[in-house]
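One structure is given below, encoded as structure tokens.
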Amino acid sequence: MMRLNRRHLQRVKGLWLLVILMSIGVLLSRPAAWAQGKGGVLRIGMTAADIPYTGGQPDQGFEGFRFVGYQLYDPLVRWDLSQGEELPAIVPGLAESWEVRPEDPTKWLFKLRRGVKFHDGSEFNADAVVWNWDAVKNKDAPHYDPRQAGLVAARAAVIKGWQKIDDHTVEFTTTRPSSFVPYQVIYVLYASPTQWEKVGRSWQALAHNPAGTGPFKLARLVPRERVELERNQDYWDQRRVPRTERVVLLPMPEATTRLAALRTGQVDWIEVPPPDAIPTLRQAGFHISLRPYPHNWTHTLNLRHPAWDNKLVRQAANYAIDREGICRSLLNGTCIPAIGEVYPGHPWFGKPNVRYEYNPAKAKQLLQQAGYDGKTKRVKASVLISTSGSGQMLPLPMNEFVQENLREVGIDLDIIPIEWNALTQRGRQGFQHPDNAQLGAMNISYNFQEPQSAFVRFFHSTSLPPAGANRMPYLNPEVDRLIEAAEQEFDLGKQHQLLAQVHETIVEDAPWVFIVHDLNPRALSPKVKGFVQPQSWFVDLTLPWVEK
């Protein structure tokens, strides 16, 4: 049973008040010139094969949030992406403040910002908040959208109810006392109910004529070709009116295509440049941006598959991977080895009993203990991968490298490539689904930006699909207990200690093959000014501009 005492409530209220006050100070300290557009058209080559969905909650993974979701729309709270020296903090967005009700820790009050307008001129208020939550969490609502629900509902699993208190106050009810609520509402975006009615009560029509509250408006959409976003000069936060006049997003899933587009001046910025091209890009004057961020490139294992139902085999696979070789010879320094879900030095890393450094002899020894001699009896499994996509880095050559590492110790891996959105759809189904039951693993990149994303959705027993992403499934009562204790703990230091214990157990149990952490590489033309690379999957597109 989870309990939240008054002392804890005082801590959480004090913590979030401090965050809000610090955030307001940062915003007010920005010079007024930041609100002035610097001009130019910023053209970006994405890794996605198609334009992210523009009618509300985006698809295409976090690349969809990065370039479309958080540009056309706003959440109640947002990440402060204006600096990159520290992990981004949560700051006020469409909500000015939030708190837990002292008499009932399952009730959260969010005070909404006044005077905010949607792009269609209608008012953002509590009715709009309730309407949007119904759209993704209430199957009985006439405007419920299964597509958007599949994209975002699992990220807000602890929230079970929402209601209007007054025009500028919304109350959320959670399934249990949870300090993770702000980390859940940050992924829900707000579209105009008035616009949905105007375009014929159709989400597909809204995608072509969206109206959010964000710093950009949709100017042009050509599916699979381009989307153009124009500066919202009337944005409610005048300090974040975009500096650039327009952003053009171009889907370019092939790394060589993105490279050619950058070199020929077709685009000003590309995601994930080919690693072997980085030295020549630098010599030519292009800026290469690298920074650690909460990213996992992993094989999520089917723990009911005969290849992976033995912990010794899973540990062997982890010892078999030459992570340094991947980062050095294949990715030219654009990643760091992953020997757990989070990297050493992170407050959640802890002191795992095992460290999965490259040790083929150890891998073979563990396989022999599990009954595999590597000759007459070998482990056989498959992995579903994407051809490109958000955070996927260079999936085919990387998986071929992993495939060879595993083959050398006695594990034969069959690689099955499919399109990125199709892979994420299969991932949401989990390995329990008949279409996936015979698969050994899926290669889907993940984030660990906050506790909900890092631990609850993957490793708590209540997070089995479709409620969460525990697709393995991983079932460990002690991990459940530790996660629940961390969720009710509002003292961040104590919360970190509990999550470190969770991580220690997960590393030893090895429900994933931990491979690398990306360094978020992107290449930018020297004409791009003002860009900030945060320690995040997201970027603030209101900051950069292009010199003419």
Side-chain angles (χ1 to χ4, degrees), residues 40-52 58 60-71 81 84 216 222 224-229 242-244 246-293 295 297 327 330-335 386-398 419-420 445 518-534 536-541 543-547:
V41 176
L42 178 61
R43 301 160 300 169
I44 300 175
M46 303 185 296
T47 66
D50 199 357
I51 301 299
Q60 300 294 343
F62 270 7
E63 192 169 34
F65 271 93
R66 181 188 313 141
F67 290 131
V68 170
Y70 284 148
Q71 311 310 325
L81 305 172
F216 290 90
V222 183
R224 294 193 173 273
E225 181 180 322
R226 67 170 51 210
V227 62
E228 299 184 15
L229 311 178
R243 295 176 171 187
T244 186
R246 185 173 291 235
V247 173
V248 179
L249 303 170
L250 304 167
M252 296 181 175
E254 293 295 330
T256 54
T257 302
R258 294 194 297 275
L259 177 63
L262 182 67
R263 283 177 165 163
T264 59
Q266 181 184 351
V267 298
D268 311 292
W269 158 342
I270 62 172
E271 299 288 278
V272 195
D276 57 1
I278 287 177
T280 58
L281 285 172
R282 283 191 171 122
Q283 291 172 4
F286 293 96
H287 174 64
I288 305 299
S289 181
L290 296 172
R291 194 183 293 275
Y293 73 117
H295 173 279
W297 198 90
C327 293
L330 185 61
L331 294 178
N332 202 11
T334 59
C335 69
S386 69
T387 52
S388 66
S390 172
Q392 291 295 90
M393 306 174 72
L394 301 178
L396 186 56
M398 291 173 70
E419 189 270 333
W420 168 236
S445 57
D518 191 17
L519 289 180
N520 209 5
R522 45 179 55 98
L524 297 89
S525 162
K527 293 182 179 181
V528 178
K529 305 297 182 181
F531 170 71
V532 173
Q533 174 111 331
S536 172
W537 285 67
F538 313 119
V539 295
D540 190 341
L541 288 185
L543 299 177
W545 73 94
V546 179
E547 284 188 340

Do any N or O atoms from the side chain of [X] and from the backbone of [Y] form a donor-acceptor pair under 3.5 angstrom?
{"X": "R226", "Y": "V248", "result": "no"}
{"X": "R243", "Y": "G530", "result": "no"}
{"X": "S445", "Y": "S390", "result": "yes"}
{"X": "R258", "Y": "G45", "result": "no"}
{"X": "N520", "Y": "S536", "result": "yes"}

What verdict does the side chain to side chain contact (heavy atoms under 4.5 Å, CB included) test give for F286 and I270, after you've listed the backbone C-alpha separation in whole Å, the side-chain angles of each residue and the deciding distance to 0.1 Å?
CA-CA 11 Å; F286 293 96; I270 62 172; over 6 Å; no
Hey, mind stepping through L331 and M398 against side chain to side chain contact (heavy atoms under 4.5 Å, CB included) and telling me if it holds?
CA-CA 9 Å; L331 294 178; M398 291 173 70; 3.8 Å; yes
Residues V528, H287; criterion side chain to side chain contact (heavy atoms under 4.5 Å, CB included); working and verdict:
CA-CA 9 Å; V528 178; H287 174 64; over 6 Å; no
Side chain to side chain donor-acceptor pair (under 3.5 Å) partners of [X], counting only residues at least two apart:
{"X": "T47", "answer": "E63"}
{"X": "W297", "answer": "none"}
{"X": "T280", "answer": "R263"}

Is any side-chain heavy atom of [Y] closer than 4.5 Å to one of [X]?
{"X": "L330", "Y": "L394", "value": "no"}
{"X": "L259", "Y": "P273", "value": "no"}
{"X": "P395", "Y": "T387", "value": "no"}

Closest approach of [X] and [Y], non-hydrogen atoms and distance?
{"X": "D540", "Y": "P544", "result": "O-CD, 3.3 Å"}
{"X": "F216", "Y": "V247", "result": "CE2-CG2, 3.7 Å"}
{"X": "G61", "Y": "W420", "result": "N-NE1, 3.9 Å"}

Should we count CD of E254 as having more than 12 external heavy atoms under 6.0 Å?
no
Among R522, K529, R43, R246, find the residue that satisfies the salt bridge (Lys or Arg N to Asp or Glu O under 4.0 Å) test when tested with D268.
R43
Run the numbers on F67 and E271 for side chain to side chain contact (heavy atoms under 4.5 Å, CB included), then give the verdict.
CA-CA 11 Å; F67 290 131; E271 299 288 278; 3.6 Å; yes
H295 and Y293 aromatic ring geometry - parallel, tilted or perpendicular at 30°/60° bounds
tilted
